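Please read the structure below before turning to the comments.
Predicted model only: the values in this text are computed from it and were never measured. Order of appearance sets the numbers: ligands from 1, and atoms from 1 within every ligand.
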Amino acid sequence: PTTAPSQCTLPAAVASLPTNQNHASNSKLKRRCYQGVWVREEWAPGIMAMQRSFAARPGDVVLASVPKSGTTWLKALTFATMARAACPPASPAHPLRRLNPHDCVPLVDRLFAVGRDAVLDALPSPRLMCTHMPLSVLPPSISGGPHCKIVYICRDPKDMVVSLWHFVNRAQPDISLQEMFETVCEGTSNGGPFWDHILGYWRASNAEPSRVLFLTYEQMLQDPLDKVRKLAQFLGRPFSDTEEEAGVVAEIVQLCSLENLKNLEANKKGSQGVFFKFSHDSYFRNGVVGDWVNHLTPEMAKRLDAICKEKFRGSGFTF
Ligand code: A3P
């Protein structure tokens, strides 16, 4: 069992951090700005502890994303790709057929936030882990160390904010889409600003393509087979001719498809989370590109597009 630190035990190092004044009255969206990154107040001590004590090992793989950018899918695909020798994707006993992908790939930020980081030490190598934090606040052994490979996924922020609202709404129904949208635009959503989050990994992937793989949700949806091959190649485990002939890539894609995962018992029941409980099924919605048209006004879309245009100008990155 995990225990969430209560507000009254907030360490002084966190209590003195800037807070998002606009939403200070709504503690449910309360964020603190730590080293230029907006983090949920309850998570801030964990981020500090992670910086101090996490040490990457040779072979570590860290998946990174802004929440609601396709993390669950990337976790499933990477887990299935890395484990395919011991756990063939077509096997009825595959762990992903009985466990939620978040139970297969731990969120480092959360484990540190609840003081359960020893779980990471106990994992056998090569470890597969996940973070929602930007590169700039990750422990140096992840962000700059030679040991660790990073796979990043991002998504058109218009779809990301709609997905985020649907997700958070399940646990906190009093948060409006407008309110969520404002936090994303002002950069104070968890791990934000989202543009810095994306640019940090984008630049790192350009500087060190063998260490940081940069993917988008849209590209993954367009050609999942190609992206899984790229992923395997990047991880130093390319598919052999025999595997290609046996259709292993397609089996991984099928195993990890939204339709398949969504309909598994493990993902229809149970929940994740400590500070808030998120039901397993809330990680699987419709998984399409452009669902934002059903939720955002043209003005909202224009505003987010303009933010992206301005922030990504000159970076070579565009959605
Ligand atoms: P929607 O809310 O737009 O449907 P994250 O995993 O980062 O929390 O992101 C959740 C989003 O990814 C949701 O988007 C969800 O439906 C989608 N998703 C989850 N599993 C998926 C899968 N296996 N394939 C494609 N999309 C998936």
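Listed by chain and number, the residues in a salt bridge (charged side-chain N to carboxylate O under 4.0 Å, His left out) with Asp305 are Lys158 (sequence neighbours excluded). Annotation: salt bridge (charged side-chain N to carboxylate O under 4.0 Å, His left out) contacts of Asp226 (sequence neighbours excluded): Lys230.
With hydrogens and angles disregarded, no donor-acceptor distance shorter than 3.5 Å links the side chain of Arg57 to the backbone of Arg127.
The distance from the CH2 atom of Trp292 to the CG atom of Leu177 is 12.5 Å, given to the nearest 0.5 Å.
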Under 3.5 Å, which donor-acceptor pairs link side chains of residues 96-111 to any protein atom two or more places apart or in another chain?
from: Arg97; atom 1: NE; to: Ser91; atom 2: O; distance (Å): 2.8
from: Arg97; atom 1: NH2; to: Pro89; atom 2: O; distance (Å): 2.6
from: Asn100; atom 1: OD1; to: His102; atom 2: N; distance (Å): 2.8
from: Asn100; atom 1: ND2; to: Asn267; atom 2: OD1; distance (Å): 3.0
from: His102; atom 1: ND1; to: Lys75; atom 2: NZ; distance (Å): 2.9
from: His102; atom 1: NE2; to: Thr72; atom 2: OG1; distance (Å): 2.9
from: Asp103; atom 1: OD1; to: Gln272; atom 2: NE2; distance (Å): 2.8
from: Asp109; atom 1: OD1; to: Thr131; atom 2: OG1; distance (Å): 2.7
from: Asp109; atom 1: OD2; to: Thr131; atom 2: OG1; distance (Å): 3.3
from: Asp109; atom 1: OD2; to: His132; atom 2: N; distance (Å): 2.8
from: Arg110; atom 1: NH1; to: Gln272; atom 2: OE1; distance (Å): 3.0

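Relative orientation of the Tyr152 and Tyr201 rings is parallel, given thresholds of 30° and 60° on the angle between their planes.
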N/O contact list for ligand 1, threshold under 3.5 Å:
from: ligand 1; atom 1: 2 (O); to: Ser163; atom 2: OG; distance (Å): 2.7
from: ligand 1; atom 1: 2 (O); to: Arg285; atom 2: NE; distance (Å): 2.7
from: ligand 1; atom 1: 2 (O); to: Arg285; atom 2: NH2; distance (Å): 3.3
from: ligand 1; atom 1: 3 (O); to: Arg155; atom 2: NH1; distance (Å): 3.3
from: ligand 1; atom 1: 3 (O); to: Arg155; atom 2: NH2; distance (Å): 2.9
from: ligand 1; atom 1: 3 (O); to: Arg285; atom 2: NH2; distance (Å): 3.2
from: ligand 1; atom 1: 4 (O); to: Asn286; atom 2: N; distance (Å): 2.9
from: ligand 1; atom 1: 4 (O); to: Asn286; atom 2: OD1; distance (Å): 3.0
from: ligand 1; atom 1: 4 (O); to: Gly287; atom 2: N; distance (Å): 2.7
from: ligand 1; atom 1: 6 (O); to: Thr71; atom 2: N; distance (Å): 3.2
from: ligand 1; atom 1: 6 (O); to: Thr72; atom 2: N; distance (Å): 2.7
from: ligand 1; atom 1: 6 (O); to: Thr72; atom 2: OG1; distance (Å): 2.5
from: ligand 1; atom 1: 7 (O); to: Lys68; atom 2: N; distance (Å): 3.0
from: ligand 1; atom 1: 7 (O); to: Ser69; atom 2: N; distance (Å): 3.0
from: ligand 1; atom 1: 7 (O); to: Gly70; atom 2: N; distance (Å): 3.1
from: ligand 1; atom 1: 7 (O); to: Thr71; atom 2: N; distance (Å): 2.8
from: ligand 1; atom 1: 7 (O); to: Thr71; atom 2: OG1; distance (Å): 2.6
from: ligand 1; atom 1: 8 (O); to: Lys68; atom 2: NZ; distance (Å): 2.6
from: ligand 1; atom 1: 9 (O); to: Gly70; atom 2: N; distance (Å): 3.3
from: ligand 1; atom 1: 14 (O); to: Arg155; atom 2: NH1; distance (Å): 3.2
from: ligand 1; atom 1: 14 (O); to: Ser163; atom 2: OG; distance (Å): 3.4
from: ligand 1; atom 1: 16 (O); to: Arg285; atom 2: N; distance (Å): 2.8
from: ligand 1; atom 1: 23 (N); to: Cys256; atom 2: O; distance (Å): 2.8
from: ligand 1; atom 1: 23 (N); to: Leu258; atom 2: N; distance (Å): 3.4
from: ligand 1; atom 1: 26 (N); to: Tyr217; atom 2: OH; distance (Å): 2.7

